[in-house]
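All remarks here apply to the structure that follows.
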Amino acid sequence: MATLTTYGAKSDPYRIRDLRERLDVIQTTDMALIVSPGQNEIDQMKRLGLNIAPHRKRMNDESLDEKFKEPTDPLRLVFVCAMWLTGFDAPSCSTVYLDKPMRNHTLMQTIARANRVFPGKHSGLIVIMPTSLLHWSKR
């Protein structure tokens, strides 16, 4: 297993501290799935080999939107489908990964999710996943 000194941090205590802080963020990051409810979703997902029930329970039982908006909360990574793309404001959000084609107002609103002003944030980042890139290149 690699150690911090493997990455050139052997003689630089500031680099070691920085790497430890980054590692702590990675190890403490919470993730959640945010999707609109669908009719018969549990059976539909089960047929695909997926279990949506624990995710739906969490969406119903927790205030995930408020947790995600709070910069000190460990919920730092959310996978969303439709929900939260428009009308959702979380200024601390810095990166949005797009995995499906979008157009017009929805695309602009989605880009705006990462482009909000927030202390310590100099810009937002939009990452277009290869599946979307292939679709957009055909237009």
Side-chain angles (χ1 to χ4, degrees):
M1 183 169 165
T3 63
L4 291 178
T5 57
T6 305
Y7 296 101
K10 186 185 301 189
S11 61
D12 186 351
Y14 298 107
R15 179 81 171 129
I16 291 172
R17 186 186 72 216
D18 180 55
L19 289 171
R20 283 193 175 129
E21 288 173 1
R22 290 176 185 214
L23 183 60
D24 182 59
V25 167
I26 291 168
Q27 291 176 331
T28 61
T29 292
D30 183 20
M31 297 178 270
L33 175 68
I34 311 294
V35 294
S36 302
Q39 282 189 322
N40 304 316
E41 70 180 9
I42 292 176
D43 291 334
Q44 289 174 347
M45 293 293 166
K46 191 179 283 187
R47 283 193 295 275
L48 296 170
L50 304 170
N51 183 6
I52 188 109
H55 301 288
R56 179 60 59 208
K57 180 174 177 16
R58 188 168 185 203
M59 285 181 268
N60 291 335
D61 294 351
E62 297 180 39
S63 298
L64 295 174
D65 56 342
E66 294 304 317
K67 290 178 75 164
F68 187 68
K69 290 177 186 181
E70 177 55 51
T72 59
D73 194 283
L75 180 59
R76 297 183 191 104
L77 181 62
V78 292
F79 300 89
V80 297
C81 179
M83 296 178 73
W84 290 16
L85 293 181
T86 59
F88 179 75
D89 189 28
S92 62
C93 177
S94 62
T95 307
V96 173
Y97 296 86
L98 299 178
D99 74 337
K100 68 177 188 175
M102 294 183 179
R103 298 174 56 181
N104 305 328
H105 179 72
T106 304
L107 177 60
M108 294 307 295
Q109 285 288 310
T110 302
I111 291 170
R113 296 305 111 228
N115 206 28
R116 300 279 288 130
V117 175
F118 188 77
K121 179 173 127 182
H122 61 85
S123 63
L125 177 64
I126 305 298
V127 178
I128 300 173
M129 303 307 286
T131 53
S132 289
L133 192 57
L134 288 173
H135 176 78
W136 283 338
S137 67
K138 292 179 183 177
R139 298 189 145 227

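Residues Asp65 and Lys69 are not paired through a salt bridge, judged by the lack of any N-O separation under 4.0 Å between the basic side chain and the carboxylate.
In this structure, Pro91 and Lys121 approach most closely via the heavy-atom pair O-NZ, 2.7 Å. Listed here is the closest heavy atom pair of Gly124 and Asn115: N-OD1, 4.0 Å. Across all their heavy atoms, Met31 and Arg58 have their closest contact at O-NH1, 2.8 Å. The two residues Val96 and Ala114 make their nearest non-hydrogen contact at CG2-CB, 3.8 Å. When all heavy atoms are compared, the tightest approach of Ile42 to Ala53 is CD1-CB, 4.4 Å.
Taking CG of Leu23 as the start and CG of Asp18 as the end, the distance is 11.0 Å to the nearest 0.5 Å. To the nearest 0.5 angstrom, Tyr97 atom OH is 13.0 Å from Ile128 atom CD1. Remark: Leu98 CG to Leu107 CG distance equals 7.0 Å, nearest 0.5 Å. In this structure, the separation between CD on Glu62 and NZ on Lys57 is 8.5 Å, given to the nearest 0.5 Å. If you take OH on Tyr14 and CG on Leu19, they are separated by 15.0 Å, rounding to the nearest 0.5 Å. Of the inter-residue distances, the one linking Arg113 atom CZ with Asp89 atom CG reads 6.0 Å to the nearest 0.5 angstrom.
Between Val78 and Leu64, every side-chain heavy-atom pair lies at or beyond the 4.5 Å cut-off. At least one side-chain heavy atom of Asp43 sits under 4.5 Å from a side-chain heavy atom of Arg47. Using a 4.5 Å heavy-atom threshold, the side chains of Ile52 and Leu33 count as touching. Looking at Asp24 and Glu21, their side chains never come closer than 4.5 Å, going by heavy atoms from C-beta outward. Contact check for Leu75 versus Glu70: no side-chain heavy atoms found under the 4.5 Å cut-off. Two residues are said to be in side-chain contact when any heavy atoms from C-beta on lie closer than 4.5 Å; Arg76 and Val25 meet this criterion. For the pair Met59 and Val35, the minimum side-chain heavy-atom distance is below 4.5 Å. The shortest side-chain heavy-atom distance between Ser94 and Phe118 does not fall under the 4.5 Å cut-off.
Connection of Ile26 to Phe79 is not established within any shared hydrophobic cluster, with ILVMFWY side chains joined at heavy-atom distances below 4.5 Å, either directly or through further cluster members. Hydrophobic clustering of Ile, Leu, Val, Met, Phe, Trp and Tyr side chains at less than 4.5 Å, counting indirect connections, keeps Met108 apart from Ile126.
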